[in-house]
Amino acid sequence: MHVAQCSVPPEYSGSDYCNACKPPKVFNGTHCVPPLECLCYDETGYHKPFDKWDDPNQECSECVCFNNAISCYPKICPTVSCENPITPDGECCPYCPGRDRFTPVGIE
């Protein structure tokens with residue numbers, strides 16, 4: 001029998017054999033599923049497919065769970081069109097002072 005590499009720790013899988021599923025399916029903790037439906041795990045815990053969260057290891061980055069894998073990338077900020085944009089401490093994206101920070105440029 002082919003046993004895939006563990007993607008869910010045995011204490012959560014309910015099986016000492018971990019991923020005892022026929023490829024390409026993987027064990028999601030209760031049954032065999034396609035990898036696209038499998039949870040992702042990192043130091044912040046488990047994440048559902050397509051969930052997004054802040055990257056705990058890199059400021060101004062976010063992560064996404066997709067196809068039983070985690071991908072992290074820089075956050076995308078809206079374009080600002082002013083001479084002296086401000087980026088407050090603890091935030092990633094600059095904004096123009098005197099404007100609503102959540103209103104896209106050109107819609108005022």
Side-chain angles (χ1 to χ4, degrees):
M1 172 170 56
H2 180 276
V3 177
Q5 180 181 4
C6 285
S7 60
V8 176
E11 62 267 23
Y12 296 109
S13 73
S15 168
D16 291 335
Y17 301 105
C18 193
N19 282 334
C21 300
K22 290 183 181 179
K25 293 189 176 186
V26 295
F27 192 72
N28 75 350
T30 59
H31 56 284
C32 297
V33 298
L36 187 62
E37 296 174 15
C38 201
L39 299 174
C40 297
Y41 180 80
D42 70 3
E43 63 267 25
T44 65
Y46 284 96
H47 305 278
K48 295 178 184 176
F50 306 105
D51 276 356
K52 289 184 180 181
W53 64 98
D54 288 337
D55 185 346
N57 301 308
Q58 182 70 39
E59 281 189 32
C60 299
S61 290
E62 63 184 359
C63 301
V64 64
C65 174
F66 179 74
N67 202 22
N68 196 30
I70 296 172
S71 298
C72 299
Y73 48 88
K75 286 185 178 180
I76 298 171
C77 295
T79 303
V80 294
S81 58
C82 61
E83 288 187 27
N84 298 306
I86 297 172
T87 304
D89 289 340
E91 294 191 25
C92 299
C93 297
Y95 73 96
C96 294
R99 290 191 184 161
D100 181 350
R101 292 170 48 184
F102 304 103
T103 301
V105 174
I107 302 176
E108 295 184 47

Inset, instruction - Output the distance between atom SG (Cys72) and atom NZ (Lys52), rounded to the nearest 0.5 Å. - result: 12.0 Å

Legend entry - Minimum heavy-atom distance between Pro97 and Cys82, given as atom pair plus value: CD-SG, 4.3 Å

Inset, instruction - Compare all side-chain heavy atoms of Lys48 with those of Leu39 and state whether any distance is below 4.5 angstrom. - result: yes

Inset, instruction - For the pair Lys75 and Asp54, find out whether any cationic side-chain nitrogen is under 4.0 Å from an anionic carboxylate oxygen. - result: yes

Legend entry - Short side-chain to backbone donor-acceptor contact, Asn67 and Ala69, under 3.5 Å: no

Inset, instruction - Measure across Glu91 and Thr87 and return the closest heavy-atom pair with its distance rounded to 0.1 Å. - result: O-CG2, 3.5 Å

Inset, instruction - Measure the spacing between SG of Cys96 and CD of Glu83 and express it to the nearest 0.5 Å. - result: 10.0 Å

Legend entry - Closest approach of Asp42 to Trp53 (non-hydrogen atoms, all atoms of both residues): OD2-NE1, 3.1 Å

Inset, instruction - Drop me the distance from Asp51's CG to Cys65's SG, to the nearest 0.5 angstrom. - result: 7.0 Å

Inset, instruction - Identify the two heavy atoms, one from Cys40 and one from Ile70, that lie closest to each other, and give their separation to 0.1 Å. - result: CB-CG1, 3.5 Å

Inset, instruction - Side-chain contact test, heavy atoms from C-beta onward, threshold under 4.5 Å: evaluate it for Glu59 versus Cys92 and give yes or no. - result: no

Legend entry - Smallest separation among heavy atoms of Val64 and Tyr73, with atom names: CG1-CE2, 3.9 Å

Legend entry - Heavy-atom closest pair, residues Leu36 and Phe50: CD1-CZ, 4.1 Å

Inset, instruction - Could you check if a side-chain atom of Cys93 sits within less than 4.5 angstrom of a side-chain atom of Pro78, using non-hydrogen atoms only? - result: yes

Inset, instruction - To the nearest 0.5 angstrom, please state how far the OH atom of Tyr46 sits from the SG atom of Cys38. - result: 9.0 Å

